[in-house]
There are 2 protein chains.
Amino acid sequence: MAGSRPKSGPTMHDVAAAAGVSQATVSLVLNSASGSRFSEETRRKVRDAVNRLGYRTNAHAKTLREGVAGMIGFIGDTVATTPFAGAIIEGAQQRAWEDGLLLLTVNTGGDKELEAASLDTMLSYKVAGVVYAGMYHRRLDVPEALTGVRSVVLNSQDRAGRVASVAPDEVTGGYAATQRLLQAGHSRIALINIETLESGLPAAVGRYDGYRKALEEAGLELDPDLVRFGSGGEEDGYKYAMELLTSSNPPTAIFCANDRGAWGAYQAVSDLRLSIPGDVSVVGFDNQATLAPFLRPGLTTFELPFVAMGRRAVELILQDAEPDGRVELMDCPLIERNSVTHPKETP
Amino acid sequence: MAGSRPKSGPTMHDVAAAAGVSQATVSLVLNSASGSRFSEETRRKVRDAVNRLGYRTNAHAKTLREGVAGMIGFIGDTVATTPFAGAIIEGAQQRAWEDGLLLLTVNTGGDKELEAASLDTMLSYKVAGVVYAGMYHRRLDVPEALTGVRSVVLNSQDRAGRVASVAPDEVTGGYAATQRLLQAGHSRIALINIETLESGLPAAVGRYDGYRKALEEAGLELDPDLVRFGSGGEEDGYKYAMELLTSSNPPTAIFCANDRGAWGAYQAVSDLRLSIPGDVSVVGFDNQATLAPFLRPGLTTFELPFVAMGRRAVELILQDAEPDGRVELMDCPLIERNSVTHPKETP
DNA sequence: TTTCAGTAGTTATTCGTATAACCGGCTCAA
DNA sequence: TTGAGCCGGTTATACGAATAACTACTGAAA
């Protein structure tokens with residue numbers, strides 16, 4: 001009538017009965033990888049019964065015996081809602097599945113109470129480990145409950161330096177972006193950064209450092225007039241690009257430390273009746289999926305390796321190393337489109 | 001010393017020993033909501049021991065007895081990677097957590113084999129139900145393994161009409177979008193659709209139907225010259241907007257059935273040295289987070305209710321109704337920005 | 001004085017699987 | 001002829017929590 005019984009499906013005992021063997025035999029036949037322990041006849045009977053009944057193992061019973069579940073916890077502040085970062089979950093899940101594990105995901109939205117409670121539930125499910133992902137690259141505090149639990153910080157870094165972290169290599173990214181413009185022949189290269197250096201934001205500081213390092217190696221002086229610090233919005237991209245391009249000694253190329261800023265720069269260039277890349281080359285950062293490919297011309301930019309990072313984080317959990325504070329930085333690959341060319345007048 | 005023992009933490013027996021009572025007492029004290037069955041003294045001893053040892057219940061043992069786990073499976077084709085649809089997971093997870101349940105998520109990327117295998121694993125975890133989410137609104141086939149399992153199709157519809165579905169109300173959305181322009185005083189309203197009607201795509205067909213219905217109710221003739229069918233890209237938005245606006249009898253407003261198309265239309269308007277909304281009003285659809293708010297002027301559009309749909313899908317699973325093929329359509333709220341105003345010359 | 005009800009717990013069993021320990025029968029070498 | 005060793009299984013038990021069924025005791029009513 002009303003109630004719906006859990007409808008638990010056949011158990012190993014049912015299979016054993018159907019096959020005319022003991023439950024232990026079923027278990028051994030199904031699990032022993034190497035075992036030529038049973039006769040082919042018996043194995044066949046067991047497999048037949050399994051198929052006939054549609055038997056499916058009960059993961060909880062298994063976990064109860066073995067102590068660890070085939071699941072990995074994934075906690076993100078709001079990573080799933082951040083448009084481009086869903087890929088991070090995708091990567092984590094891919095890698096987990098390669099080892100037959102599933103992902104138990106929670107987005108806390110920054111709510112520490114929810115975080116603690118859901119983490120607690122996760123641990124009660126005996127997850128094999130926990131990935132703690134930040135929405136953007138920063139230094140964060142790992143919840144206390146994770147001490148003693150195999151865990152990895154993803155797209156951020158453990159401030160305390162205890163838990164291993166996986167994050168994008170901002171310095172190398174900034175370096176490569178500047179290099180790309182240097183190689184094209186530019187020497188007056190502006191930088192529109194996403195934040196001040198004082199913010200300590202790894203993305204802002206790192207990309208700046210890479211920019212500086214590339215110029216230095218090229219034997220170029222860093223011109224402070226060519227470096228602007230905004231807040232990451234396209235308005236700032238617009239404003240600073242406008243200032244730079246209308247200055248007395250304008251740059252021939254702009255490295256925008258994020259794609260949104262680049263978009264603003266595009267609008268400024270358009271308003272000035274200039275063109276990209278003819279009059280000014282632009283390189284972005286983030287490879288924002290809903291933006292970079294659709295700009296005209298397509299924006300040459302660098303991709304945050306979300307999938308790769310997600311994969312790597314899970315991998316670190318799977319190879320149960322001792323928890324060290326190591327920080328693994330992953331390369332941001334260049335996505336070549338059409339916003340870079342030689343400077344106009346080569347002196 | 002290499003191996004790392006699972007480190008299973010204290011059990012109820014340990015707590016019982018520490019408190020000087022039996023395991024059953026611990027269980028009853030911790031779970032009996034109404035029970036004034038035990039003395040305050042005993043309850044205190046138990047709670048003290050729980051805190052002292054840091055006891056955490058073993059969810060698998062619990063599930064093994066009870067038959068159903070505190071988890072809901074979430075299978076998406078590539079929903080997590082779709083930039084704007086991460087919110088759908090967010091909504092599902094929110095609602096699940098309100099009942100203390102966690103989400104077991106898998107993105108199959110359309111891989112049917114992975115889908116079957118991971119679904120199997122999910123079911124072996126005795127999930128309370130499964131949400132089967134489509135990346136975009138369409139009619140899809142529910143995997144066989146879900147028959148008999150409590151499940152809901154999300155952001156799509158079960159082609160077979162067996163499983164309940166939750167999807168956006170495209171018709172009402174298209175109707176409201178057209179209404180918005182009619183109310184502003186427009187009577188020549190173009191539609192740039194995202195697909196042909198033959199495609200059967202609910203978003204394309206539904207939004208068109210809403211458009212038609214709104215015009216009809218306003219006593220206006222549907223002018224076929226004002227309706228274009230593209231492929232959803234911004235190039236088509238550009239192309240058709242250009243055609244429409246340069247025609248002999250141009251529209252005063254355009255309803256773009258998606259924001260990307262609207263973006264293309266913006267570019268066309270800009271290239272024609274016209275302005276939005278002064279010369280032409282534009283309404284979009286999707287409220288694409290990384291696009292709609294950043295266009296100048298901000299794009300008035302309609303939001304796909306991802307969070308609400310995710311919530312509703314889980315809700316349907318929680319209130320274990322008999323599986324019916326019901327399709328619940330959810331409203332797409334208007335996001336008012338600045339791309340709509342009165343037509344220029346009111347005759 | 002017996003009976004009944006209530007209080008405050010305990011004991012025993014169950015869920016489904018994995019595995020250690022065992023067992024009967026057979027072969028083969030000493 | 002005995003015993004060691006293998007083959008092909010079975011029996012028994014443990015994992016951790018929930019709960020039905022029971023016990024031991026107290027106090028009050030009949």
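Just the heavy atoms: all of them, side chains too, but no hydrogens, waters or symmetry mates, feed the values below. In what follows, every chain begins at residue 1, and chains take the letters A, B, ... in the order their sequences are listed.
A 4.5 Å side-chain heavy-atom check between B:Trp97 and A:Leu114 finds at least one atom pair inside the cut-off. Side-chain contact between A:Ile88 and A:Phe74 is present, with at least one heavy-atom pair separated by less than 4.5 Å.
Nucleic acid contact for A:Thr11: sugar-phosphate only, since backbone atoms but no base atoms lie under 4.0 Å from a heavy atom of the residue. No contact: A:Thr63 has no heavy atom under 4.0 Å from any strand.
The separation between B:Arg56 atom CZ and D:dA17 atom P is 12 Å, rounded to whole Å. The separation between A:Leu64 atom CG and C:dT17 atom P is 12 Å, rounded to whole Å. Atom P of nucleotide D:dG9 and atom CD of A:Glu40 are separated by 11 Å, given to the nearest angstrom. With rounding to whole Å, A:Asn31 atom CG is found 10 Å from C:dT19 atom C1'. In this structure, the CG atom of B:Leu30 is 13 Å from the C1' atom of D:dG16, given to the nearest Å. Rounding to whole angstrom units, CD of residue A:Glu66 and P of C:dT17 are separated by 12 Å.
Take A:Glu303 and apply the salt bridge (Lys or Arg N to Asp or Glu O under 4.0 Å) test, not counting sequence neighbours, and it matches no residue.
A:Arg65 contributes a side-chain N or O that forms a donor-acceptor pair with the base of D:dA14 under 3.5 Å.
The one candidate from B:Leu316, B:Asn155, B:Asp158, B:Leu329 that meets the side-chain contact (heavy atoms from CB on, under 4.5 Å) condition with B:Ser165 is B:Asp158.
B:Thr25 has a side-chain polar atom (N or O) that falls below the 4.0 Å cut-off from OP1 or OP2 of C:dT10. Contact between the side-chain N/O atoms of A:Tyr55 and the OP1/OP2 oxygens of C:dT17 is found at a separation under 4.0 Å. Between D:dG16 and B:Lys62, no contact under 4.0 Å exists linking OP1 or OP2 to a side-chain N or O.
When each of B:Lys45 and B:Ala61 is assigned the nucleotide of DNA chain C bearing its nearest heavy atom, the one mapping closer to the 5' terminus is B:Lys45. Nearest-nucleotide mapping onto DNA chain D: of B:Ala24 and A:Thr42, the residue sitting toward the 5' end is A:Thr42.
For A:Thr25 and A:Ser22, the side-chain atoms include at least one donor-acceptor pair closer than 3.5 Å.
Side-chain atoms of A:Gln23 lie closest to D:dA12 of the nucleotides C:dT13, C:dA12, D:dA12. Residue B:Asn58 has its side chain nearest to D:dG16 when only D:dG16, D:dG9, C:dT19 are considered.
Across all their heavy atoms, A:Leu140 and A:Gly134 have their closest contact at CD2-CA, 4.2 Å.
Contacts with DNA chain D (heavy atom under 4.0 Å) in residues 12-22 of chain A: A:Val21, A:Ser22, listed by number.
The aromatic rings of B:His60 and A:Tyr125 sit perpendicular, their planes meeting at an angle over 60°, well past the 30° parallel limit.
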